Amino acid sequence: MKNKSVSFGNRSLSRRALLRGAGVAFALPWLEAMRPAIAKPTTRATPKRFAWIYIPNGVVQEAWHPQKTGVDWEMTHSLEPLAPFRKHLNVFTGLDREFRGGTGVHAQAGCCWLSSSPPTEALDGGFPVNTSLDQMIARQIGKDTLLPSLELSCNDHTNQKETRYFENISWYGPGYAASVQKNPRDVFDRLFGKPDPRVRSVLDAVLTDARNLERSLGGADKAKLGEYLDSVREIEKQIQKAEQHFTAKNSFKTERRIGGILPPDPTVPRRQDAASTSPIRRPNGKPEDRGEYLRLMMDLMAIAFQQDLTRVATLVIDPERWDTPRIYHGVFDNAQNHHVLTHTKGEEAKEKLKKIDRFHVSQFAYLVRRLSEISDGEGSLLDHSLLTFGSGMGNGTVHDYNDLPIVTAGGLGGAIETGRHHRFDKTPVANLWLTFAQSAGIETGAFADSTATVPEVVA
Amino acid sequence: MKFHRQQSCLLLTVLLLAVSVPLPADETTNLIRQYCADCHGAPDESPEGGLSLTADFGSASVRETGPTLKRVLDAIEAFDMPPADSEQPTVAQRKQLTEGIRQWLAMPSLDGQRDPGRPVLRRLTRLEYNNTLRDLLGLETDVFMFSERLPFERNHYQPESRKMPDRLTMAAREYGAKYPVLLREAGMPGDSRAEYGFSNRGDAQSLSAVRLQQYVRLAGEIAFHPELLSRAERMEELFPHARFRQTAPGASPRSKPLASSNTQLATNDNVSRTADGSAFNLEQFRERVDAAFAEDRGGVFGGEELRNTKIAGKGGLVRVAYGKNAIRTFAINPNEDWWFAPFATANESSGDTLLANYKKGQRKYELTFQSTSEGEFAGISELGVVLLSRHGQEGTILLQATYGNDTSHQLTVTLKSGAGADNTFAAFAAPKGLFIKRLLIDGSKFSGDYVLIDDLAFITGDKPNLQPLVQAEEPVVVAIPKVEAPRAKLNRNIATQSAEKRLTHFLRRAFRRNIQQEEVAVYHNLYRGEIESGAGDESAMRSAIQAILASPSFLFATYRRHPAAVNGDRMSPIHRLSDYDLASRLSYFLWSSMPDDELFEVAAQGRLQDEKVLEAQVRRMLRDKRSIELSENFFVQWLRLPELWTAQPDERQFPVFYSGPLGKRTLAQDMFGEVLLQFQTILVENRPVTELLDADYQFINSKMMQYYGRDVTELKKFADGGELFADDQQSDRVWNRVKKFDSQRGGLVTSPAVLTLTSFPHRTSSIRRGVWILDTVFNRHPPAPKVAVADIDEQEGATELTLREKVERHRENAACAVCHNRIDPPGFALENFDAIGRWRDQDGDGVIDSSGALPGIGEFHTPEEFRALLMTQERRFVQGFAEHLLSYALGRKLEYFDVPAVDRIVDRTVKDDYRISRLILEIAKSYPFRNVHVSTNESEHEE
């Protein structure tokens, strides 16, 4: 592939300027980077991958949860788009989270979905947020990949009307959110950009500045500056890893598997460049079409997993509440307000909500399909992954945290038994999270407000 | 250690009690016991709401009891407590209670002094980042586009005149439309706001590797921007050969081009075919244009920057700058009115703007390509264009390229119907030695009224420009006079000095403080490293700039430990802000940007601590145009006006909200403009802030005249009561200040903007409005519900009830009533205004009952009576406003220990007729603004 077939973002910048300017510039050729360079499947067990995909405001539960348990569960209206993959799924009912008074009920549903501290702990201004499950697992299994974890969001509302507790589900610790990336182009550059050696000298300088500054600051400010220092170190690590990717480029040509892995799909923008072997081209930005936007983010997630650039990812499909109308292309003729619909009486609103639920499920089904089509060691990428799709709110109309909608896909390399509907009775969702943490190899007997594990899902 | 500190605080408190005027503490404690402790008993008696009020407040340390006391004070002042069904204190006892608590809260709580508070270290917000770079570098634009930048023109804002014009022009671009910036493709995620607060708070922000990486990258794109030396005036202080507003050596001088070009040919991936007979297919042409663009001899014009404009068929020209350096231009001259617009029934092949005939049915027109006075343009040798198919329309379009010798070549394309379904690319190549002079687009046989094209891609016969992007390193002596007087007083002598001196100068401004020698060394080493590896001075300096702009000292607003913060013989945790830190706090408060040279100078001389100097600076800064940010940043965030841009009132119920093509022109911009101008008037004319509750004037444009159902003959000029110009009925850009004409309204609370943004698309929400009033007007937000409940206006089995009945039914629950007694009545009072703020007497079939009572204030029966009641609460409003503004100025949440400072600010503002500049001045002079609590390990040891 030639340089010029990638569309450079900024017209007024030269290549030279770009190379200097970009932290990790999207210099070419980048195909060499596409080969999993660090963790070679031949020399190691196939890695496990984890992803969480969040939908806000709960769901219409009557159209979501099946009645029959076990392997014979009946397909429901909302879950139907997942039907082709039912043997790879687990559906859960009866998992709850306890609401802690004093914070907004929507905000807490989102920000504490993966970090539900026990109700006695309020470490961040009343919010029981803590290191979230994905981050704990990333610390366990993400050390060797280019990125320890990937945090994505399709919240493209521009009015900034809500606080960060509404849109972050991933937390490094109390009060320390893992910022989300919303622009597919930025995600692409972060995954496939070639490291620019010059950035090293910039980082050296700013690190010195940060240390000087640290000396003149008080305790609380030091903690906040710690976020900066952490970030510098993480970028340094990332550059180091990216350089390894770029130097290890021997067997790529014989391995031609990359181009064929993701079959052409009309929903993925693609250049009409037949010579291109890239699995995806650099996105121009955010697609206008809602479904296209969601699927593009999922494609990026899939590629990051396939290339072993990261093993842990989260995607916020939409933030909690944020009642700004949005267009669901191909679903409704005009803009809809998801949150307001949950509080609107009548069948019309309920039917609309069911359509939104189904729309979201079908996007998730797209990711499941993608991963099932990508071969990975022995089996598919789906076989080695555990994708969790759901919400931190059960019934959005009454804001409860009971019967949380949670569906998982993938067997995590045989660690998780699939194909079932599990019904629990008022069981903390943290029990499931604890089970996942253990299956990632974390040796712990408790996570957040867990009371036990969920042995039923362990193969 | 903690225990130890508490003890010493306690000791101090007791000592101070002994020496100061005896407080009626016992009496206050007794009153709390009498009226509160029945419900709020001892901690082990499970007191109501988990709040125990049995402590011995009179002798306890205010550091311990302060947060509780503040809650009690707020509850009593708002008449939330004691609950209506409990025994009520007399008026005198209430006064005693609140005054007693205020005195407690004024007690020293930290190191024998009042706690000035400790903001969490914060980074610059997106808006501050852009403003700071503008001032630091001397740019004329933002660095990148972002949604907090309001789409309004600012020419009317002339604070130095101390008078808002009575008739002014304020144009607005469509919200979300593009505007000129330094980096068109760059961006940064928005800033989350704090809960009940502003986005400039460290506790609401996070920084992670993703974001830092973006900062590093942006810093690089700025530092290595090819036009940095000609677009950033301040670079003349850093680079010997930088010339503001002049093009680089070798390039032709350039006036501002109307439009620029890029290489983004058909990036939307919806072109399905290439026309028969086309000289190239799309893929081939893309490569050719890419190559030509890189050599400054081609590009793609897609009309994006000219969106929603028309170029006149007679005399109109579009000048297009092309190539990666955008140093060459040519002009397109259409023979009929030409239009750049989005069409819902077509899919643009790039961006979201297409090119079309302006006159309906004028389906045939010709474009002539000509050179400009601005230098070389050999002519177009290859030309490509995308013909757009359109929903419900079809037919044949003829394209004809005419060459220099008047020969021509034709292509016909028959488009099928469907938006984007049959977008077709077509290209011409001029015979050797000839150029394409004209392009005829003839859609006479097309069924639609408009012929839509996009992505005019062109390759010229120009010589390739192979100059490196970063310009020659040697200074070039060109003496060309400035176009305008420089905006800042530049010190060009610096540019001739050593790299170290230049860096010191730049660092001091970038970091907004004094720079230590070892700090300069960091960046000087980077510079030297670059030089040693073969870079020239300019390139090395650019590298240093990149690092500086990515460093925490630039990105964060810091309050450093003051070396002289000594209390007796030890380090105190309370520091008076250094002059530089005070200057920064002031400039980010008033300007949302860095200090200017004068403020720096005063700080450098150590004079800013002098109250008179401080006051003079505040007054000067308020008269500077940059103070517009108080309205565009503080005011807008305070009222949550950005939510107006995304409000989508139901199109069937509220068609009046939408107008223009595709209904894209909404009233949001006019409603926004109305309240923005109101606040700017108060600011510029130093009026009472209470005018936000009611004013005898307002600004109005043609759209708002329609909205209110008034016309120019009914409205009277505010200044002389005369009539408006009849023409003003026509223009939404012209705003007139008129006498108040609607007795039902007055102030923000009844403004269409606020009434709309607090409504749902289909209906009003009394709860949202009530909460908005408590938050915004009084700054006493109700706490989040303690239990997870459904929205209060959505009760089960209540379909037959009116909204009000539903809400009232919910309030019967005592747990809900505590807050909803405060929330609901103001919401009811505004029920006469519909979901876009228009007056109504009925809601469906029900007559609206807008009566209610405000606890402790009085009863009302109409919105007018409600507003009259609000006007009796001027002091409480000013207090709420002062708290919001102080919190914004400090970048932190207010705490119990801020009560005395707020009281003092409010007292003095009331005495000065509520004037806004007094309020701002008193904030700048206040104790928490000029001091900071810096907890250091050392000071904690010593306590």
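Since the structure is predicted, the reported quantities are computational estimates derived from the model, not experimental observations. Throughout, a chain's letter reflects where its sequence line sits, starting with A, and its residues are numbered from 1.
Proximity to chain B is limited to the side chain of Asn212(A), based on heavy atoms less than 4.5 angstrom apart. With a threshold of 4.5 angstrom between heavy atoms, Glu148(B) approaches chain A through side-chain atoms but not through N, CA, C or O. Interface residue Thr646(B): backbone and side-chain heavy atoms are both found under 4.5 Å from chain A. The part of Asp186(A) that comes within reach of chain B is its side chain, from C-beta onward, which places non-hydrogen atoms under 4.5 angstrom from that chain. Residue contact with chain B, scored on non-hydrogen atoms closer than 4.5 Å, involves the side chain of Thr208(A) exclusively. Neither the backbone nor the side chain of Ala223(B) comes within less than 4.5 Å of any heavy atom in chain A. Interface residue Phe556(B): only side-chain heavy atoms are found under 4.5 Å from chain A. If you measure heavy-atom distances from Gln214(B) to chain A, the contacts under 4.5 Å come from the side chain alone. Gln160(A) touches chain B through backbone and side chain together, each having a heavy atom under 4.5 Å away. Using a 4.5 Å cut-off between heavy atoms, Phe166(A) does not touch chain B at all. Neither the backbone nor the side chain of Leu207(A) comes within contact range of chain B, judged by heavy atoms closer than 4.5 Å.
Here the shortest heavy-atom pairing between Ser543(B) and Glu530(B) reads OG-OE1, 3.3 Å. Of all heavy-atom pairs between Arg542(B) and Leu228(B), the closest is NH1-CB, 4.0 Å. What you find for Ile548(B) and Tyr523(B) is that their closest heavy atoms are CG1-CD2, 3.6 Å. Residues Ser231(A) and Tyr176(A) share a closest heavy-atom pair of OG-OH, 4.4 Å. In terms of heavy atoms, Arg164(A) sits closest to Asp203(B) at NH2-O, 3.0 Å.
For chain A, the option among Gln516(B), Arg768(B), Glu518(B), Gln637(B) with the highest count of heavy-atom pairs below 4.5 Å is Arg768(B). Note: Glu162(A) leads Lys182(A), Glu151(A), Glu162(A) in heavy-atom pairs under 4.5 Å with chain B. Chain A forms more heavy-atom pairs under 4.5 Å with one residue of Pro552(B), Gly197(B), Ala544(B), Pro642(B) than with any other, namely Pro552(B). Heavy-atom pairs under 4.5 Å with chain A peak, among Gly202(B), Ser206(B), Ala547(B), Ser192(B), at Ser206(B). Ranking Leu555(B), Ile222(B), Leu212(B), Asp352(B) against chain A, the residue ahead of the rest is Leu212(B), based on heavy-atom pairs under 4.5 Å. Chain B forms more heavy-atom pairs under 4.5 Å with one residue of Leu229(A), Asn168(A), Val340(A) than with any other, namely Val340(A). When the candidates Arg640(B), Gln648(B), Arg193(B) are compared by the number of heavy-atom contacts under 4.5 Å with chain A, Arg193(B) comes out ahead.
By the side chain to side chain contact (heavy atoms under 4.5 Å, CB included) test, Pro119(B) pairs with Tyr559(B), Arg585(B), Arg892(B), Val932(B), sequence neighbours left out.
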From CA spacing to verdict: side-chain hydrogen bond (donor to acceptor under 3.5 Å, both in side chains), Thr324(A), Asn159(A): CA-CA 9 Å; Thr324(A) 303; Asn159(A) 58 16; 2.9 Å; yes

Working for salt bridge (charged side-chain N to carboxylate O under 4.0 Å, His left out), residues Arg211(B) and Asp191(B): CA-CA 11 Å; Arg211(B) 196 171 181 114; Asp191(B) 308 288; 3.6 Å; yes

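Side chains of Ser179(A) and Ser208(B): a donor on one and an acceptor on the other come within 3.5 Å.
The ring pair (Phe, Tyr, Trp, His ring centres under 6.0 Å) analysis of residues 204-223 of chain B, with sequence neighbours excluded, yields the pairs Tyr129(B)-Tyr215(B).
Side-chain N or O atoms of Asp209(A) include none that pairs as donor or acceptor with a backbone N or O of Ala205(A) at under 3.5 Å.
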